[in-house]
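Counting begins at 1 with the first residue of the sequence. Ligands are counted one by one from 1 in listed order, and the atoms in each one are counted from 1 as well. Computed from a prediction, not measured in an experiment: that's the story for all the values here. Any value given below was found using the heavy atoms of this structure, including those in side chains, with hydrogens, waters and symmetry copies removed.
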Amino acid sequence: MSTPKKLVIATRASRLALWQAEHVRDRLRALYPDCQVELLSMSTKGDRILDRSLSKIGGKGLFIKELETALLDGRADLAVHSLKDVPYDVPAPFALPVIMERDDPRDAFVSNHYASLADLPHGAVVGTSSLRRESQLRERFAHLTIKPLRGNLDTRLAKLDAGEFDAIILATAGLKRLGLAERIRSSIAIDDSLPSAGQGALGIETHADRQDLQAWLAPLVCQASTYRAQAERAVTRVLGGSCQVPLAAYAEIEGDQLWVRALVAEPDASVVYRAEARGPLASAEALGQQVGEDLLQQGADEILARLSIPTED
Ligand SMILES: NCc1[nH]cc(CCC(=O)O)c1CC(=O)O
C-alpha cells in the first residue's frame with residue numbers, strides 16, 4: 001500500500017474541536033512518519049456563537065457544511081467531528097468511514113459544593129440546555145430546579161463558578177479532552193442519564209470517492225465503537241427530524257451481543273418512553289431500527305412532532 005505524503009484536516013476552531021483534530025493529527029503522524037499532516041481550522045458561525053448548539057442557528061448540519069465545502073474543493077482531505085454532532089444522514093458525496101475508539105460516554109456532574117446528584121438539596125439549581133439531560137433529571141430528581149445553561153465548556157464552567165448554579169451537567173469526554181477532568185465531581189450513571197447517540201466518540205468524514213484515504217485511515221477505526229454508533233444512529237434515523245428532542249440512544253457490548261437502549265421523553269418528564277433490544281453485533285443497524293420503531297409505536301412520534309423548536313444537546 002502506498003502511504004500518504006500530505007493530509008489536511010478540516011476542523012472547527014473551538015477549543016474542543018481543535019483538540020479532537022490534533023488528536024487525529026497525532027495518530028496519523030505516528031502511523032505515517034513521512035506524511036505532512038496539517039490542520040485547516042475554520043471559524044464559522046457555529047464557533048462565533050461559542051459552541052451553542054448548531055441547531056439554534058440552523059441545524060446540526062449547518063456547521064458541518066462548511067467543513068464539507070473544504071473537502072469538496074480539495075482544501076482538506078478529512079474532517080473530524082464529535083460524532084454526536086453529526087446528523088444521522090451524511091449526505092452524498094461524503095462518507096463517514098471512521099468511528100474511533102469511544103471515550104467515556106457518560107454525562108458528568110460538576111459542582112463546587114456537592115458531590116453528586118443525590119446530594120443536591122430540594123430546589124437546588126442545575127444547569128443544562130439539553131432536553132435529553134433535563135427530562136431525565138426531572139424524572140429521577142423531581143425536587144431539582146433545571147435552568148438553561150448556554151455557551152462553550154469554559155463559559156459554562158465560569159457561570160457555575162459565578163454562583164448561578166449549584167451544579168451543571170456536561171459530557172465527560174469533552175471535559176477530559178480540555179484538561180478539565182478535575183472539575184468532575186462524579187460520573188452520572190448510564191441509567192440516570194442515558195447518553196446521546198454517539199456521545200464520546202469521534203467520527204472522521206471524507207469524500208466518498210477517496211478510497212486511498214479510507215485505506216490510510218482504516219487503522220483508526222474501532223470496530224466495537226462502530227457497532228455501538230451504528231445502532232445508536234439508527235435509532236435517531238428512525239425517529240428522524242432535524243430538530244433535537246429529548247432523545248437518548250445508547251448501545252453497549254455484552255460478549256457477542258449488542259444491548260441497545262433508547263428513550264424519548266417530554267422535557268417535563270410527564271411522559272418517558274423507553275425501548276431496548278439485544279442481538280448480534282452484526283445486526284447493530286437493525287437493532288437500532290427496531291428500538292426506534294418501538295418508540296414510535298409507543299407514541300414518541302407525537303412528542304417529536306410537537307417539539308419542533310430546535311434546542312441543544
Ligand atoms: N453539545 C456539544 C458537544 N459536542 C460534543 C461534546 C463533548 C464530546 C462528546 O460528547 O463527544 C459536547 C459538550 C457537551 O455536550 O457537554
Side-chain angles (χ1 to χ4, degrees), residues 11-24 44 46-47 49-57 59-64 67 79-88 96 98-111 126-137 146 148-160 165 167-181 183-185 187-188 190 193-205 222 225-226 228-229 232-233 236 243-251 310-313:
T11 174
R12 301 169 56 182
S14 75
R15 213 150 78 80
L16 180 62
L18 284 173
W19 185 96
Q20 295 177 166
E22 285 166 5
H23 174 66
V24 171
T44 69
D47 294 302
I49 63 166
L50 294 172
D51 274 17
R52 183 116 72 75
S53 164
L54 311 172
S55 60
K56 283 248 187 307
I57 53 167
K60 281 188 179 189
L62 179 106
F63 187 93
I64 284 173
L67 302 185
V80 177
H81 307 292
S82 293
L83 187 62
K84 82 167 174 182
D85 295 330
V86 179
Y88 51 85
L96 199 66
V98 179
I99 308 277
M100 294 173 71
E101 186 177 357
R102 188 179 210 171
D103 286 330
D104 193 329
R106 288 176 295 180
D107 286 327
F109 176 86
V110 181
S111 170
V126 180
T128 177
S129 287
S130 152
L131 292 181
R132 173 185 64 80
R133 291 174 180 145
E134 177 176 345
S135 60
Q136 295 187 82
L137 276 177
I146 317 290
L149 167 64
R150 307 202 186 287
N152 67 18
L153 285 175
D154 295 308
T155 308
R156 294 187 201 195
L157 289 167
K159 288 180 177 175
L160 171 72
F165 305 93
I168 62 177
I169 312 296
L170 296 167
T172 300
L175 288 166
K176 285 191 172 163
R177 287 173 190 153
L178 294 189
L180 296 167
R183 300 296 307 252
I184 301 173
R185 299 300 300 275
S187 296
I188 303 177
I190 294 287
S193 189
L194 201 65
S196 180
Q199 182 159 305
L202 297 183
I204 302 180
E205 184 178 17
C222 170
S225 302
T226 302
R228 297 169 72 187
E232 294 167 9
R233 288 168 63 76
T236 62
C243 57
Q244 279 180 279
V245 293
L247 164 61
Y250 183 69
T311 59
E312 63 189 282
D313 186 314

Backbone N/O of [Y] and side chain of [X]: donor-acceptor pair under 3.5 Å:
| X | Y | result |
| --- | --- | --- |
| R228 | Y250 | no |
| R102 | C222 | no |
| R185 | S111 | yes |
| T128 | S130 | yes |

Original post:
Using a heavy-atom cut-off of under 4.0 Å, does the side chain or the backbone of L16 touch ligand 1, or both, or neither?
Top reply: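 It is the side chain that gets close, since no backbone atom is under 4.0 Å.
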
Subject >> Basic-acidic side-chain contact under 4.0 Å: D154, R15 >> reply: yes

Check ligand 1 against [X] and write out every atom of the ligand that is under 4.0 Å from a heavy-atom position of the residue.
| X | result |
| --- | --- |
| S82 | 5 (C) |
| R133 | 14 (C), 15 (O), 16 (O) |
| D85 | 3 (C), 4 (N), 5 (C) |

Subject >> Pick from A171, S129, S14: the one approaching atom 14 (C) of ligand 1 most closely through a non-hydrogen atom >> reply: A171

Original post:
For atom 9 (C) of ligand 1, which candidate among G198, G174, P105, G200 provides the closest heavy atom?
Top reply: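 Of the listed residues, G200 has the closest heavy atom.
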
Original post:
Should R133 and D107 be marked as a salt bridge (Lys or Arg N to Asp or Glu O under 4.0 Å) after you check the CA-CA gap, both sets of side-chain angles, and the distance that decides it?
Top reply: CA-CA 9 Å; R133 291 174 180 145; D107 286 327; 3.0 Å; yes

Original post:
Less than 4.5 Å apart, any side-chain heavy atom of L194 and any of Q136?
Top reply: yes

Between [X] and ligand 1, does any nitrogen or oxygen pair lie at a separation below 3.5 Å?
| X | result |
| --- | --- |
| R156 | no |
| Q20 | no |
| Q199 | no |

